[in-house]
Amino acid sequence: MTMKIIPQKESALEKQIIPEIEIINFEHQNIKQHFITAYPPKCRDTTFLLKYITKYIRDNDIKILSQFVFGSPGMCEKGLFNPGRNDWPVTYIHGDMATSRLLYGTQMYSISGSTCTPVFLNGSLVGTRYEDEDAEYCFLGDICPNDKNLSSSEQTLQTFGNIKKVLETTGMNFSHVVRTWFYLDKLYDWYSEFNEVRTAFFREQGIFDNLVPASTGIGAGNLHGTCLVSGVFAVKPKHPDVHIISIPSPLQCEASEYKSSFSRAVEIQFPAHRQLYISGTASIDSNGNSIHIGNINNQIDETMKVIGQIIESRSMSWSDAVRAIAYFKDITHATEFSDYCEKKHLPYFPVCYSQSDICRQELLFEMEIDFIRINDDGK
């Protein structure tokens with residue numbers, strides 16, 4: 001494979017493009033963040049693809065902090081992955097649509113230039129932490145309830161309890177959580193229950209008095225057979241010049257107005273740069289109503305407009321994007337998304353695709369996305 005390296009001076013990002021593997025690098029304080037996205041839409045030799053990623057990581061001394069894997073239920077049965085044998089947390093997500101493709105894609109948060117410490121819960125590897133001069137960072141993945149025989153609400157509460165428990169082992173607490181991911185099996189049967197439990201837990205932990213995390217809540221199955229599996233990103237600043245704030249959406253109301261407890265976006269403001277984490281975003285208007293029912297192209301257009309207005313409000317652009325996950329109720333609609341980006345002449349950014357149920361039955365598309373922007377003064 002041939003790698004093409006594209007320096008992005010306007011956004012302090014370096015983009016490396018290998019066929020079907022996309023890597024965004026950002027260096028700060030001699031620590032380089034690597035955002036790795038791989039997908040096999042054309043390459044049928046998935047095993048080769050995964051071996052190439054492994055070689056790239058090893059050759060560049062990269063440490064993976066957390067990984068998402070999206071595919072069909074048979075992806076592990078065919079030996080593509082070995083759950084529990086990695087040195088980092090891996091969250092395996094599968095949709096129900098029957099397709100010939102076992103793997104839709106994989107995405108990794110990674111770094112080089114720093115020491116990483118594994119994080120455990122009840123003897124199982126569930127996280128990775130590291131630090132720099134500005135803050136301590138912790139990624140958690142594949143967090144699920146202990147007992148899948150409990151009710152959906154009880155499993156959700158147990159999952160939140162596990163997140164709280166493992167964060168405390170790192171010297172953090174839930175107030176340090178910047179972003180969450182929740183993948184709910186059979187989401188349409190109990191999403192309202194999930195929201196009720198999350199809101200009650202946040203209220204108990206005092207989250208509404210501080211920072212409400214950005215989040216993604218999607219319908220998808222997991223390897224454990226539990227009602228849900230989750231991921232977490234937490235940041236504990238070391239000095240007062242690091243600010244973590246909730247960012248509103250100019251085109252949408254607060255999610256709390258329809259009883260869902262998450263921020264539209266969260267921004268971490270460092271002395272030298274800013275990182276923006278936009279929650280899973282769909283075709284919802286300023287009154288909290290779903291719009292463009294049944295029209296995938298219009299739903300994609302509306303979602304991208306909403307995200308575009310958020311990044312414009314933060315003086316960022318699509319060139320600052322480092323990773324994204326696009327969720328499709330019907331994975332065959334991925335072509336419409338690719339066509340949209342080409343038609344709108346959007347700058348290239350890496351996107352991983354997933355077959356998933358969106359938070360409302362009438363919604364067909366959702367996207368989450370992260371951005372990094374160097375401060376204008378260059379400091």
Side chain to side chain contact (heavy atoms under 4.5 Å, CB included) partners for Thr169, two or more places apart: Val119, Val166
Looking only at atom types and distance, does a side-chain atom of Gln33 sit under 3.5 Å from a main-chain N or O of Glu27, one as donor and one as acceptor? no
How would you list, by chain and number, every residue that makes a side chain to side chain contact (heavy atoms under 4.5 Å, CB included) with Leu187, sequence neighbours excluded? Leu184, Tyr191
Take the angle between the ring planes of Phe194 and Trp190 and call it parallel below 30°, perpendicular above 60°, tilted in between. perpendicular
Does a donor on one side chain and an acceptor on the other come within less than 3.5 Å for Tyr277 and Glu368? no
Backbone N or O of Phe68 within a donor-acceptor pair of the Gln107 side chain at under 3.5 Å? no
Give every residue pair that meets the salt bridge (Lys or Arg N to Asp or Glu O under 4.0 Å) criterion with at least one member in residues 189-204, sequence neighbours excluded. none
Just jot down the side-chain hydrogen bond (donor to acceptor under 3.5 Å, both in side chains) partners of Lys164, sequence neighbours excluded, or say none. Glu168
Measuring from atom SG of Cys144 to atom CG of Asp185, what distance do you get when rounded to the nearest 0.5 angstrom? 12.5 Å
Quick test of your reading: applying salt bridge (Lys or Arg N to Asp or Glu O under 4.0 Å), list the pairs with at least one residue in residues 217-234, sequence neighbours left out, ordered by first then second residue. none
Please check this pair: side chain of Ser263 against backbone of Val212, looking for a donor-acceptor N/O pair closer than 3.5 Å. yes
Taking atom CG as the centre, does Asn30 end up with more than 12 heavy-atom neighbours from other residues, nucleotides or ligands that are less than 6.0 angstrom away? no
With no hydrogens and no angle check, do the side chains of Thr303 and Thr281 hold a donor and an acceptor under 3.5 Å apart? no
For Lys344, what residues pass the side chain to side chain contact (heavy atoms under 4.5 Å, CB included) criterion, not counting sequence neighbours? Asp301, Tyr340, Leu346
Can any side-chain N or O of Asn375 pair as donor or acceptor with the backbone N or O of Phe270 at less than 3.5 Å? yes
Say whether, by atom type as modelled, one donor and one acceptor occur between the side chain of Glu362 and the main chain of Ile293 under 3.5 angstrom. no
Verify the neighbour count for atom NZ of Lys32: are there more than 12 heavy atoms of other residues, nucleotides or ligands below 6.0 Å? yes
Under the side-chain hydrogen bond (donor to acceptor under 3.5 Å, both in side chains) test, residues paired with Thr199 that sit two or more places apart: Ser261
Does the Glu366 side chain pair with the main chain of Ile358, one donor and one acceptor, at a distance under 3.5 Å? no
Anything under 30° is parallel, anything over 60° is perpendicular, the rest tilted; go ahead and classify Phe160 against Phe202. perpendicular
Only pairs at least two apart or in different chains count here, so list each side chain to side chain donor-acceptor pair (under 3.5 Å) that has a residue in residues 108-117. His34-Ser112, Tyr109-Arg323, Tyr109-Asp370
Applying salt bridge (Lys or Arg N to Asp or Glu O under 4.0 Å), which residue pairs with at least one partner in residues 59-70 are found, sequence neighbours left out? Lys55-Asp59
Can a donor-acceptor pair be found between the side chains of Thr216 and Arg179 at a distance below 3.5 Å? yes
Taking the six-membered ring for Trp, are the ring centroids of Phe328 and Phe365 within less than 6.0 Å of each other? yes
Quick one: which residue pairs count as a side chain to side chain donor-acceptor pair (under 3.5 Å) with a foot in residues 224-238, not counting sequence neighbours? Glu131-Lys238, Asp142-His224, Asn222-Thr226
What pairs of donor and acceptor atoms, side-chain ones from residues 132-139 against any protein atom, are under 3.5 angstrom apart with sequence neighbours left out?
from   : atom 1 : to     : atom 2 : distance (Å)
Asp132 : OD1    : Asp134 : N      : 2.8
Asp132 : OD1    : Ala135 : N      : 3.0
Asp132 : OD1    : Tyr137 : OH     : 3.1
Asp132 : OD2    : Tyr137 : OH     : 2.9
Asp134 : OD1    : His239 : NE2    : 2.8
Asp134 : OD2    : His28  : NE2    : 3.1
Asp134 : OD2    : Gln29  : NE2    : 3.1
Glu136 : OE1    : Arg129 : NH2    : 3.0

For residues 267-281, the salt bridge (Lys or Arg N to Asp or Glu O under 4.0 Å) pairs (sequence neighbours left out) are Glu267-Arg274, Glu267-Arg314
